[in-house]
Amino acid sequence: MMKQTALAAALCAALAPAASAKDAEGTMVSVLGRDWAVFPVADVPGRYSATRMNLEHLPFRPPAVLTARQAVRALRAATGCSVNMDTMVRSINSTYYAQVICRK
């Protein structure tokens, strides 16, 4: 259990500097008991990334939900906008990228 916690902390620390290096302000949101970091993509306006931060396996956490659905909920919670599902992609490191649609 201690190794898993240390690994999760190391992964969170490794991901945090990469996100803050973009000079973009991100938002931490919680979806079904899991923490997500949502950041705007610097090069494309209206495009956001969502990365799940709690990668450890806790025995008594809430039931599993597909990470794609969690990512959509995290993007909605962080931006207040709807997600264009046609633009959603997942990278090899399990970060989701999607274009959001904000109605005025």
Side-chain angles (χ1 to χ4, degrees):
M1 182 69 169
M2 189 63 115
K3 287 183 182 180
Q4 291 173 344
T5 305
L7 178 62
L11 286 173
C12 289
L15 291 174
S20 63
K22 296 178 184 177
D23 293 330
E25 294 200 18
T27 305
M28 293 295 292
V29 294
S30 180
V31 176
L32 298 174
R34 283 114 174 140
D35 296 326
W36 287 81
V38 178
F39 289 93
V41 176
D43 301 339
V44 183
R47 189 161 180 86
Y48 286 82
S49 67
T51 305
R52 196 171 95 183
M53 301 308 289
N54 54 341
L55 301 174
E56 72 275 353
H57 300 287
L58 299 175
F60 298 109
R61 70 179 184 188
V65 174
L66 294 174
T67 57
R69 289 185 181 181
Q70 289 181 43
V72 169
R73 290 180 183 182
L75 288 166
R76 283 183 189 158
T79 63
C81 303
S82 61
V83 177
N84 185 351
M85 297 299 290
D86 294 335
T87 64
M88 189 168 200
V89 294
R90 180 178 155 185
S91 68
I92 195 165
N93 66 350
S94 298
T95 298
Y96 288 88
Y97 295 91
Q99 196 76 21
V100 295
I101 303 167
C102 295
R103 294 186 178 19
K104 295 182 179 180

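The analysis underlying the following values was restricted to heavy atoms, covering all of them including side chains, and did not include hydrogens, waters or symmetry mates.
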*Roughly how far, to the nearest 0.5 Å, is CE of M53 from CE of M28?*
5.0 Å
*asked:* Run Y96 and T67 through side-chain hydrogen bond (donor to acceptor under 3.5 Å, both in side chains) and show every step you take.
replied: CA-CA 9 Å; Y96 288 88; T67 57; 2.6 Å; yes
*Do L32 and V83 share a hydrophobic cluster, counting only Ile, Leu, Val, Met, Phe, Trp and Tyr and linking them when any side-chain heavy atoms are less than 4.5 Å apart?*
yes
*Once you round to the nearest 0.5 Å, how far does OH of Y97 lie from OG1 of T87?*
13.0 Å
*Straight-line distance of T51 OG1 to F39 CZ, nearest 0.5 Å*: 7.5 Å
*Compare every heavy atom of A68 with every heavy atom of M88, then report the nearest pair and how far apart it is.*
CE-O, 3.8 Å
*To the nearest 0.5 Å, how far apart are CD in Q99 and OH in Y48?*
9.5 Å
*Please name the pair of heavy atoms, one in A74 and one in V38, separated by the smallest distance, quoted to 0.1 Å.*
O-CG2, 3.8 Å
*C81 and I101: side chain to side chain contact (heavy atoms under 4.5 Å, CB included), yes or no, with the steps?*
CA-CA 6 Å; C81 303; I101 303 167; 5.8 Å; no
*Mind checking side-chain contact (heavy atoms from CB on, under 4.5 Å) for S30 and listing every partner two or more places apart, or none if nothing turns up?*
D35
*Does a side-chain heavy-atom distance below 4.5 Å link V72 with M85?*
yes
*asked:* Applying side-chain contact (heavy atoms from CB on, under 4.5 Å), can you list everything that pairs with S94, at least two apart in sequence or on another chain?
replied: R90
*Measure the spacing between CG of L75 and CZ of R47 and express it to the nearest 0.5 Å.*
10.0 Å
*Ignoring hydrogens and angles, state whether a donor on the side chain of T95 or S49 is under 3.5 Å from an acceptor on the partner side chain.*
no
